[in-house]
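Here's the structure we're looking at; comments come further down.
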Amino acid sequence: MGKTDIIIVGSGIAALQLARQLQNHFYVMIITKDKIKSGNSYLAQGGIAAPLGLKDSVNAHFKDTLEAGRYHQDEDGVNQLIADGKRIVQSLVDEGAPFDRKVDGSLSLGMEGAHSEHRILHSGGDQTGKYLVKYLLKSLSMEKVEFIEGEMVYELVKDDNGHCCGVKTKDKNDSIRYYYASHVVLATGGIGGIYSSTSNHPAVTGDGMALAFLAGAKLSDMEFIQFHPTLLWLDGKTCGLISEAVRGEGALLLNDKGERIMEGVDPQLELAPRHIVAERIYKERQRGREVYLDISRIEDFMAKFPSISTLCLKHNISIKEGMIPVSPGCHFMMGGVVTDHAGRTNIPGLYAIGEVACTGIHGANRLASNSLLEGLVFGERLGKFLIQKGVSPSPHLHSTSDQIKEGESLNIPLQSADIKEGMMERVGIIRDEDGLLAHLKWLKAHPLTFHELLDFNSREEIHIYFMWIVSLLVTESALLRKESRGGHIRSDFPREDNDQWLKRKMVLQNNDGRLRVKYHEQNETKIYA
């Protein structure tokens, strides 16, 4: 392509939606450390929530979102997200996007946990992400949008004025490359890969958050992590996701004694908010009970859920017998890089959209199927903003080094598996001060300084370093929030504290090699260098 105006790091729904908006105005480069389709968006079984039903409304969807997020949100932002989302999804429907329909041709709107109406649009039954990614990819011009696969962005480049103007990458041979543009957008997704049990693609390990932190961007709400209640659980490990839409179709949660475990826990039973269901399954398993999703009541299960059926058959789970063993796992990060309504961060020229961003719309727990909606909305918003802003007249050059730099190394003393196990055990579904302090002590016993030696390290070493940074930010935030709210559950502080914590946020920032945490009009600086 020769010229790049805008660099997008990541290749999910938010990234593709943004590229779609920009392609008639700028030259866009999309960089991903794996393959274009290797990410959470492509794996998404659930659908897109939008109030398109005859009995539904923006206000009803707004109320459900606030309730699920435990009122920790920016309410104006939530309302605008849903209003914009309704318009954007309707436009996709009108242009022929492949959403599932009933026999009469009307949209097939599903039900999921914590929703008060049927408002979930699906594609291919339980393959919404796959269908939508393919649809957006087909709409992109290869003359204006360039894809760089297999290169890991490991540093954000800033000019002398502090303006983000490019990225540094490493390919799979650890060769270093530089790419420059007027605007850099992070669309790298969440952090599921830093947990041993997760629904996320293995490549999703919080790179964008680590990159932004090292560059001086602000992050917030890092304690709020959603654990999906129902991952397929076999032989002590997770083997894939069982969509919430299965419970929306009538599946029941039973223990190995045949008891319904959600009775007496929440009025919505299996369709309670995710954090409630995940906590209940976790506690049942802690008692030594196995938990199953009973799908025997669902007619035509294989036709409705083809990818889940394939997953079960692959692992010798009988669809006919109808009992799928499940356990919770890390699913979605509500916090991330702090942005405004258009995706701008506190660093000029740097933007964040999708799960990597903290926009204030998800609060303490994301409402089911609001994530793809978020990607579509903020992809469009940032596109409009950048079109209006334009690009600088300075040339955009590619500078490539085929040499692996040698010299001082970080000598990282950790393994990724150690971080994953520690996060799951001590910073997982249910937390307490002892466990959080123990994990923090363990992280600090393996200090990795926030400095610029990354050129000298392999991709794998940088990958572990980024995981260490994100683990540190999540653990610090979870330790500071002394209450339970949404996806953040503290056994030593089991109740919500609306007087102290309803809208209170921790803002984390790298301050010359020190982690600065600001909350409730106070500053606290912790040194990890």
Side-chain angles (χ1 to χ4, degrees), residues 33-34 38-40 43 188-207 209-210 222-242 274-275 277-291 311 315 324-335 355 412-432 434-443 445-446 448 460-479 487-491:
K33 69 178 179 182
D34 207 323
S38 297
N40 286 348
L43 293 176
T188 53
I191 69 167
I194 73 169
Y195 283 86
S196 58
S197 179
T198 180
S199 64
N200 288 194
H201 188 279
V204 181
T205 52
D207 287 7
M209 296 174 198
M222 296 293 288
E223 67 271 33
F224 294 122
I225 300 171
Q226 182 178 93
F227 288 81
H228 198 288
T230 53
L231 305 188
L232 179 61
W233 183 259
L234 287 171
D235 301 323
K237 63 181 181 179
T238 55
C239 302
L241 176 68
I242 308 298
R274 285 179 174 174
H275 65 280
V277 182
E279 181 182 7
R280 184 70 188 92
I281 295 174
Y282 176 81
K283 287 182 175 179
E284 194 73 11
R285 290 182 52 78
Q286 288 291 99
R287 294 172 52 209
R289 298 288 181 197
E290 295 297 323
V291 177
L311 176 69
H315 292 283
I324 302 175
V326 293
S327 181
C330 182
H331 187 58
F332 191 88
M333 163 59 82
M334 274 71 75
E355 191 175 350
I412 291 177
L414 297 174
Q415 298 295 319
S416 61
D418 296 332
I419 297 176
K420 293 178 181 183
E421 290 297 332
M423 288 297 291
M424 197 70 211
E425 180 181 348
R426 298 186 289 267
V427 199
I429 298 172
I430 299 179
R431 307 154 176 180
D432 61 33
D434 290 343
L436 293 168
L437 285 174
H439 191 64
L440 199 58
K441 181 180 179 180
W442 180 79
L443 290 170
H446 302 86
L448 303 178
E460 178 58 25
E461 288 175 313
I462 295 170
H463 173 69
I464 294 171
Y465 177 46
F466 284 180
M467 290 176 67
W468 180 86
I469 289 173
V470 176
S471 179
L472 178 69
L473 300 179
V474 172
T475 307
E476 276 286 7
S477 297
L479 189 60
H488 172 67
I489 302 172
R490 290 277 300 262
S491 61

S327 side chain to R285 side chain, donor-acceptor N/O pair below 3.5 angstrom: yes

Is the shortest heavy-atom distance from the side chain of I419 to the side chain of I464 under 4.5 Å? yes

Going from NE2 on H228 to CG on L241, what distance comes out if it is rounded to the nearest 0.5 angstrom? 4.5 Å

Nearest non-hydrogen partners of C239 and L234, listed with the distance: SG-CB, 4.0 Å

Give the minimum heavy-atom separation between L231 and G329, together with the two atoms involved. CD1-CA, 3.5 Å

Is a side-chain N or O of R289 found less than 3.5 angstrom from the main chain of Q286, in a donor-acceptor match? no

With a 4.5 Å cut-off on side-chain heavy atoms, are T198 and T238 touching? no

What I'd like to find out is whether the side chain of L311 reaches to under 4.5 Å of the side chain of I242, using heavy atoms alone. yes

Please enumerate all residues that pass side-chain contact (heavy atoms from CB on, under 4.5 Å) together with R426, with sequence neighbours excluded. A438, H439, W442

Return the NZ to OG distance between K237 and S196, rounded to the nearest 0.5 Å. 12.5 Å

Among residues at least two apart in sequence or on other chains, which ones pass side-chain contact (heavy atoms from CB on, under 4.5 Å) with V204? N40, N200, H201

Are the side chain of S471 and the backbone of M467 linked by a donor-acceptor contact shorter than 3.5 Å? no

Residue list, salt bridge (Lys or Arg N to Asp or Glu O under 4.0 Å) with E284, at least two apart or on another chain: R280, R287

Side chains of V427 and E223: closer than 4.5 Å at any heavy-atom pair? no

Determine whether the aromatic ring centres of Y282 and F227 lie less than 6.0 Å apart. no

Between I191 and M209, does a side chain to side chain contact (heavy atoms under 4.5 Å, CB included) hold up when you go through it step by step? CA-CA 9 Å; I191 69 167; M209 296 174 198; 3.6 Å; yes

Strictly by modelled atom types, are T205 and D207 linked by a side-chain donor-acceptor pair under 3.5 Å? yes

When you compare the side chain of D418 with that of Q415, does any pair of heavy atoms fall below 4.5 Å? yes

Please find the pair of heavy atoms, one from P229 and one from I281, that lie closest to each other, and give the distance. O-CD1, 3.4 Å

With side chains defined as the heavy atoms from C-beta onward, is the minimum distance between L479 and L440 less than 4.5 Å? yes

Does one side chain, of S199 or H331, offer a donor that lies under 3.5 Å from an acceptor on the other? yes

Which pair of non-hydrogen atoms, one from S197 and one from P328, has the smallest distance, and what is that distance? OG-O, 3.3 Å

Can you see which heavy atom on D34 is nearest to which on A203, and at what distance? OD2-CB, 4.3 Å

Is a side-chain donor or acceptor of Q226 paired with a backbone partner of M334 at a separation under 3.5 angstrom? no

Could you tell me whether the side chain of Y195 reaches within less than 4.5 Å of the side chain of I225, counting heavy atoms only? yes

Working to the nearest 0.5 Å, report the span between CD of E476 and CG of L436. 9.5 Å

Counting C-beta onward and ignoring hydrogens, is there a side-chain heavy-atom pair between V470 and M222 closer than 4.5 Å? yes

Step by step, work out the side chain to side chain contact (heavy atoms under 4.5 Å, CB included) result for E421 and E425. CA-CA 6 Å; E421 290 297 332; E425 180 181 348; 5.7 Å; no

